[in-house]
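Report on one structure; see the data block that follows.
Residues take their numbers from the sequence shown, with the count starting at 1.
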Amino acid sequence: TKNSGIQPGALLSKPDLTVFPNPTENIFNLDFELSGRSNINISLYDMQGKQVALLFEGTQNAGNQRFSFNKAGLKPGIYSLVITGGQTGVISRKIIIK
């Protein structure tokens, strides 16, 4: 197989995911660091475990990452923000949307 330069298990060089502001009323931001080039998905799930939004899907280079999202269309409540990368990396944080 051809090597695409993507490291399957390389998600976070350290398990730090910052979500701010939290709670949020409009725009919320994510900061995290990738240890290597990875395919990542950023999704929001409701408290029943149902995916309510796919915020990002794609390949990102190694290093510090910052994403900003608008909560448009999401009802107030508590959600799980989940970032998955490669085959093994998964991190999750609770986010409160007002």
Side-chain angles (χ1 to χ4, degrees):
T1 59
K2 182 181 175 193
N3 185 350
S4 63
I6 296 171
Q7 301 172 12
L11 177 59
L12 298 174
S13 57
K14 51 187 183 228
D16 291 338
L17 167 63
T18 305
V19 180
F20 63 95
N22 190 9
T24 186
E25 294 183 16
N26 293 307
I27 303 291
F28 58 95
N29 304 288
L30 315 178
D31 281 350
F32 57 95
E33 187 176 343
L34 292 174
S35 59
R37 184 172 166 85
S38 296
N39 287 319
I40 63 170
N41 290 323
I42 303 173
S43 300
L44 276 178
Y45 292 85
D46 64 17
M47 288 295 93
Q48 288 72 47
K50 179 182 171 205
Q51 184 181 17
V52 294
L54 175 62
L55 301 174
F56 176 83
E57 182 175 40
T59 302
Q60 290 295 112
N61 289 323
N64 293 323
Q65 310 292 319
R66 174 168 283 179
F67 289 85
S68 294
F69 301 106
N70 190 320
K71 66 101 181 174
L74 293 171
K75 296 177 181 166
I78 300 173
Y79 295 87
S80 288
L81 177 84
V82 178
I83 300 177
T84 55
Q87 299 168 344
T88 58
V90 177
I91 56 169
S92 175
R93 293 288 184 274
K94 297 279 187 257
I95 182 169
I96 299 169
I97 295 180
K98 291 185 169 185

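A distance of 14.5 Å separates OG in S92 from OH in Y79, rounded to the nearest 0.5 Å. Interatomic distance, Q65 CD to I42 CD1, rounded to the nearest 0.5 Å: 8.5 Å. Atom CD of Q48 and atom OG of S80 lie 10.5 Å apart (nearest 0.5 Å). Put simply, CG on L34 and CG on N61 are 9.0 Å apart, with the number rounded to the nearest 0.5 Å.
Under the side-chain contact (heavy atoms from CB on, under 4.5 Å) test applied with R93, the options L17, V82, N22 reduce to a single match, L17. For the side-chain contact (heavy atoms from CB on, under 4.5 Å) with N41, the qualifying choice from L55, V90, T84, I83 is T84, the only one to do so.
Checking T24 against K98 by side-chain atom types alone, no donor-acceptor pair falls below 3.5 Å.
K71 and E25 get closest at one heavy-atom pair: CE-O, 2.7 Å. The two residues Q51 and L54 come nearest to each other via the heavy atoms NE2-CB, 3.6 Å. Across all their heavy atoms, K75 and I97 have their closest contact at O-CG2, 4.2 Å. The minimum heavy-atom distance linking P21 with I27 is given by the pair CD-O, 3.5 Å.
Side-chain contact between F69 and L44: absent, with no pair of heavy atoms (C-beta onward) separated by less than 4.5 Å. The side-chain heavy atoms of T59 and R37, taken from C-beta on, include a pair separated by under 4.5 Å.
Ring planes of F67 and F32: parallel class, angle under 30° (limits at 30 and 60°).
Under the 4.5 Å side-chain heavy-atom criterion for Ile, Leu, Val, Met, Phe, Trp and Tyr, I96 and L30 are members of distinct hydrophobic clusters.
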